[in-house]
Each structure stands twice: as structure tokens, then as C-alpha cells.
Amino acid sequence: MTRPTFHSLAAAALLCAGLGGCSAPGGLGPGEVAPPVSSQPRPTPLWPSWTESPSSGGTAVAGRVPPPRPLEDAPAVGPQGIEKVDVMAVISADKVMKRFSGGKQILGPGKAGVRPARYADLTGDGKHELIVAADTQTGRSMLSVYTAAGGKIVPILYTSGRRMGVETLGADLLVRTTDDDGSSHDIRYHWDGQRMSVLSDDHKFGNAISGPGSGECPAPRPLLPASPVPGSPGPESPVLESPGPTNQAAR
């Protein structure tokens with residue numbers, strides 16, 4: 001019997017690779033079509049005009065909090081759903097948003113007032129949640145999300161920040177804000193069965209950290225003494241704008 005030579009084996013290997021007939025276990029065989037690649041959700045702006053602004057910043061509230069409770073004085077939700085509820089009546093019933101109940105509605109950025117209401121299914125039950133945002137003259141924005149449960153309106157998210165852009169990402173809510181120094185904050189919220197909780201938190205520092213126009217990381221700062229001298233100031237704390245960014249998943 002004639003043994004195969006090295007050259008004959010190499011030729012066979014090349015022919016096998018070219019025809020695709022010697023696929024590894026689990027691979028595609030001759031004539032098989034690759035399965036379609038499932039498309040991933042992409043961010044969908046709720047207020048596109050605001051999304052064009054620089055993005056992101058609020059701070060998530062950590063720790064366990066009680067389940068959110070329905071708003072006491074909010075209008076009832078009928079069979080037609082939360083879309084038919086008076087938005088201004090909801091704002092008036094919510095103590096954290098009540099300050100905007102007498103304000104005007106706005107159709108674009110740069111003015112103070114309440115943005116047009118938006119609706120999206122964030123809880124996965126096939127019904128819409130109410131998403132409300134209001135802008136102040138100082139450039140800060142407040143965002144609240146409400147769901148309907150048992151005919152009552154329940155607040156499931158409250159957050160605030162500067163130059164706020166809001167998007168839906170699948171069933172999640174992506175809130176972007178940007179501070180005056182260029183630092184940005186992107187927080188992705190996901191329904192956890194009780195409220196919209198933080199799924200991811202991306203904070204990018206701006207000119208106040210890297211130095212204006214430097215394009216480089218700043219030099220390390222010396223550490224403060226572990227035991228400061230009595231009467232001397234304690235460790236430095238970053239100066240935050242008052243009021244600072246707040247995020248509250250439930251109230």
C-alpha cells in the first residue's frame with residue numbers, strides 16, 4: 001500500500017479548506033446558510049431637540065428604599081390608560097414636580113417649562129408609562145416616570161441634571177446630562193419589578209479634571225496627611241453645584 005506523502009496531504013487540506021467541506025464540529029457544512037444576526041436595540045430619543053445638546057449627569061441613589069407608593073391626589077387611570085390622564089394634574093399631585101404645575105409647556109430647548117409628555121412601555125407589561133420632564137431657567141432639568149397600577153398613578157423614577165437628553169434603549173431609559181465643565185453622565189435605568197433602577201452608570205470627566213485644552217490626564221495630586229493637624233481643614237471635597245444632581249428611583 002502506498003503511503004500518502006506530505007505534499008499529497010497538504011494538497012488535500014487546501015482543497016478541503018477551499019471547498020468548505022471539512023468544517024469543524026459545530027461549524028457550517030457545504031451549502032449551509034449562516035443564521036441571521038439578531039439586531040440589537042438602539043437608543044431612540046424621546047425629545048430629539050434636547051438630545052442634540054451635550055449630554056448627561058445625575059447621581060444614582062444607592063441603598064434599599066421602600067416600594068413606591070401611588071400619588072394621593074393624582075387623577076384616576078381609566079380603561080383607556082395613562083395616556084388619557086391630565087399630565088398637569090399628575091405633576092400637581094407629585095410633590096417633587098409640583099413646582100412646575102403652573103408653568104408653561106415648551107416645544108424646544110432653551111426655555112423654562114414642561115416638555116411635551118412622552119409615553120413608552122418601560123415595565124414590559126405591554127402598557128405605556130408616562131414620562132415627564134421640566135426645564136428650569138438655570139439649565140437644570142427634572143425627570144419623572146409614572147406607571148399605572150390598580151387605576152392609580154405610581155412614580156417609579158425621579159432624576160435631575162443639567163442639559164438633559166433622554167432616550168429609550170429597548171425597554172430601558174437612558175438619561176444623559178452634561179455639566180458646564182464638559183463632564184458628562186450617562187445613566188441607564190431598567191425596570192426591576194418595583195421601580196426603574198440603575199443598570200449602568202458612565203461618568204466622563206470634563207475640563208475641570210483634565211485641564212482646559214490640555215488633552216492629557218492631570219498630574220497626580222499629593223495625598224493629604226492621614227492625621228491632619230488639629231484645627232487644620234480636613235480632606236478636600238469636590239465643589240458641587242447646589243442643588244447637585246439627584247436621582248431617586250422611587251419616592
**OP:** List the atom of His203, the atom of Ser184, and the distance in Å for their closest heavy-atom pair.
**Re:** CD2-O, 3.0 Å
**OP:** Check whether any side-chain heavy atom of Ser141 lies under 4.5 Å from a side-chain heavy atom of Arg115, and answer yes or no.
**Re:** yes
**OP:** State yes or no: do Val85 and Val87 share one hydrophobic cluster built from I, L, V, M, F, W and Y residues joined by side-chain heavy-atom distances below 4.5 Å, directly or via other members?
**Re:** yes
**OP:** Start with the C-alpha distance between Asp180 and Arg162, add both sets of side-chain angles, then the distance that settles side-chain contact (heavy atoms from CB on, under 4.5 Å), and finish with yes or no.
**Re:** CA-CA 8 Å; Asp180 292 336; Arg162 297 183 63 82; 3.4 Å; yes
Subject >> Pro68 to Arg195 - nearest heavy-atom pair and separation >> reply: CD-NH2, 3.4 Å
Original post:
With no hydrogens and no angle check, do the side chains of Asp94 and Tyr158 hold a donor and an acceptor under 3.5 Å apart?
Top reply: no
Subject >> Within-4.5 Å side-chain heavy-atom neighbours: Val114 and Met88 >> reply: yes
Subject >> Verify same cluster id: Leu143, Leu174 (apolar side-chain graph, 4.5 Å) >> reply: no
Original post:
Atom CD1 of Ile82 and atom OH of Tyr146: how far apart are they, to the nearest 0.5 Å?
Top reply: 9.5 Å
Original post:
So, do Val132 and Val90 sit near enough that their side-chain heavy atoms are less than 4.5 Å apart?
Top reply: no
**OP:** Kindly say whether Ser183 contributes a backbone atom to a donor-acceptor pair with the side chain of Asp181 at under 3.5 angstrom?
**Re:** yes
**OP:** Look up atom CZ in Arg140 and atom CE in Met164, then write down how far apart they are to the nearest 0.5 Å.
**Re:** 8.0 Å
Original post:
Which of parallel (below 30°), tilted (30 to 60°) and perpendicular (above 60°) describes Trp47 and Trp50?
Top reply: perpendicular
**OP:** Mind jotting down which residue pairs meet the side chain to side chain donor-acceptor pair (under 3.5 Å) criterion with at least one end in residues 116-125? Sequence neighbours excluded, please.
**Re:** Thr123-Asp125, Thr123-Glu129
Original post:
Which is it for Leu173 and Ile131 under the side-chain contact (heavy atoms from CB on, under 4.5 Å) test, yes or no, and what are the steps along the way?
Top reply: CA-CA 10 Å; Leu173 197 66; Ile131 307 169; 4.2 Å; yes
**OP:** Calculate, to the nearest 0.5 Å, the distance between atoms CG and CG belonging to Leu199 and Asp192 respectively.
**Re:** 10.5 Å
Using atom types as modelled, flag every donor-acceptor pair under 3.5 Å from a side chain in residues 98-108 to any protein atom, sequence neighbours excluded.
residue	atom	partner	partner atom	Å
Ser101	OG	Lys98	O	2.8

**OP:** Kindly give the heavy-atom pair with the smallest separation between Ser144 and Val96, and that separation in Å.
**Re:** OG-CG2, 4.3 Å
Original post:
Heavy atoms, side chains only, cut-off 4.5 Å: are Glu167 and Leu169 in contact?
Top reply: no
Subject >> Minimum side-chain heavy-atom gap Asp135-Lys111 below 4.5 Å >> reply: no
**OP:** Not counting sequence neighbours, list each pair that qualifies as a side chain to side chain donor-acceptor pair (under 3.5 Å) and has a residue in residues 70-91.
**Re:** Glu83-His128
Original post:
Quick one: does Thr147's side chain have a donor or acceptor within less than 3.5 Å of a partner on Val154's backbone?
Top reply: no
Original post:
If we only count heavy atoms from C-beta on, is the Trp191 to Ile156 side-chain gap below 4.5 Å?
Top reply: yes
